[in-house]
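One structure is given below, encoded as structure tokens.
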Amino acid sequence: MLTSVFAPWVQDLGLSIESLSPEGAVLRMRFSERLCRDNGVVCGQALMSLADTAMVFAVSSAGGAYRPMTTVDQTMHFLRPAVSADVLADAKVVRLGRTMAFGSVTLTTVSDSRPVAIAQLAYALLPESK
């Protein structure tokens, strides 16, 4: 899905899948200076993209397969900086309906299990294209 569903620039985030289950997904974003602000902190835009991408995997896993969807809401709370470490996104589906899906994502670094950020997301589930 990383190469067939997402925009090419998402691949530049260096994401990998750590685990998939009907309850959710865990994705890893490898640390790169290219994702950092001028102060060496991983930028919020990269963290938001990681959370959004992880939730698409979680919704797809919970539904048994990928189906077209679009983000309708993402609320992100940044709790502390992610510095010089890979970031893990633990995405959990809260509710999967016929036309909407809701979930939460907790971001941590591999060097510290305290949350870096938390996100709440909602998706419109679209009909399959013909």
Side-chain angles (χ1 to χ4, degrees):
M1 276 182 22
L2 279 172
T3 58
S4 63
V5 172
F6 296 98
W9 65 265
V10 174
Q11 296 171 40
D12 294 339
L13 294 174
L15 304 181
S16 60
I17 300 162
E18 296 287 303
S19 66
L20 287 173
S21 73
E23 291 77 41
V26 177
L27 269 61
R28 176 188 293 251
M29 182 172 69
R30 289 186 306 276
F31 177 78
S32 168
E33 289 290 335
R34 292 178 43 87
L35 301 176
C36 292
R37 297 174 47 91
D38 58 351
N39 58 2
V41 173
V42 177
C43 70
Q45 295 92 332
L47 296 173
M48 291 181 80
S49 297
L50 170 60
D52 185 49
T53 304
M55 187 51 62
V56 171
F57 275 90
V59 170
S60 298
S61 186
Y66 172 77
R67 68 181 275 196
M69 64 186 85
T70 187
T71 310
V72 296
D73 184 59
Q74 180 173 358
T75 301
M76 192 90 167
H77 297 281
F78 299 97
L79 307 174
R80 64 184 188 89
V83 182
S84 301
D86 291 2
V87 179
L88 297 175
D90 187 0
K92 303 288 186 203
V93 175
V94 175
R95 182 176 182 278
L96 179 58
R98 286 186 312 105
T99 60
M100 292 289 295
F102 302 88
S104 64
V105 181
T106 301
L107 301 179
T108 59
T109 62
V110 294
S111 58
D112 187 341
S113 62
R114 294 178 302 143
V116 167
I118 53 175
Q120 300 294 313
L121 297 103
Y123 295 85
L125 304 175
L126 307 172
E128 293 287 336
S129 58
K130 296 179 182 183

On a heavy-atom basis, which atom in [X] and which in [Y] lie closest, and how many Å separate them?
X	Y	answer
G40	V83	O-CG1, 3.9 Å
V56	M1	CG1-CE, 4.0 Å
F31	C36	CE1-SG, 3.5 Å
L27	F57	CD2-CD1, 3.9 Å
A58	V93	O-CG2, 3.5 Å
R67	L126	NH2-O, 3.4 Å

### Task
Following the transitive rule for hydrophobic clusters with a side-chain heavy-atom cut-off under 4.5 Å over Ile, Leu, Val, Met, Phe, Trp and Tyr, establish whether I17 and Y66 coincide in one cluster.
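Yes, I17 and Y66 fall within the same hydrophobic cluster.
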Validation: residues 113-120 side-chain donor-acceptor distances under 3.5 Å, sequence neighbours left out:
{"residue": "R114", "atom": "NE", "partner": "D112", "partner atom": "OD1", "Å": "3.4"}
{"residue": "R114", "atom": "NE", "partner": "D112", "partner atom": "OD2", "Å": "2.9"}
{"residue": "R114", "atom": "NH2", "partner": "D112", "partner atom": "OD2", "Å": "2.9"}

Spatial distance of atom [atom1] ([X]) from atom [atom2] ([Y]) [nearest 0.5 Å]:
X	Y	atom1	atom2	result
S32	R34	OG	CZ	6.5 Å
T75	M48	OG1	CE	8.0 Å
S60	M55	OG	CE	11.0 Å

Less than 3.5 Å apart, which donor and acceptor atoms pair up between the side chains of residues 98-108 and the rest of the protein, not counting sequence neighbours?
none

### N/O donor-acceptor pair under 3.5 Å between E18 side chain and L88 backbone
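Flag not set: sc E18 to bb L88 has no pair under 3.5 Å.
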### Message
With a 3.5 Å distance limit and no angle check, can you tell me whether D73 reaches the backbone of L121 through a side-chain donor-acceptor pair?
### Response
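Answer holds: no.
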### Query
Is any side-chain heavy atom of L125 closer than 4.5 Å to a side-chain heavy atom of V59?
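Side chain of L125 against side chain of V59, heavy atoms only: contact under 4.5 Å found.
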### Query
Side chains of M29 and V42: does their closest heavy-atom pair fall under 4.5 Å?
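Answer yes - side chains close enough.
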### Message
Using the rule given for side chain to side chain contact (heavy atoms under 4.5 Å, CB included), can you reason through D90 versus K92, listing the C-alpha separation, both sets of side-chain angles and the distance that settles it, and then say yes or no?
### Response
CA-CA 7 Å; D90 187 0; K92 303 288 186 203; 3.4 Å; yes
When the side chains of residues 2-14 are checked against the rest of the protein, which donor-acceptor pairs come out under 3.5 Å, sequence neighbours left out?
none

### Task
Show the numbers, then the answer: is there a side chain to side chain contact (heavy atoms under 4.5 Å, CB included) between L96 and Y123?
CA-CA 10 Å; L96 179 58; Y123 295 85; over 6 Å; no
#### Entry: Flag if over 12 foreign heavy atoms under 6.0 Å of CZ, R37
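At most 12 heavy atoms, drawn from other residues, nucleotides or ligands, come within 6.0 Å of this atom.
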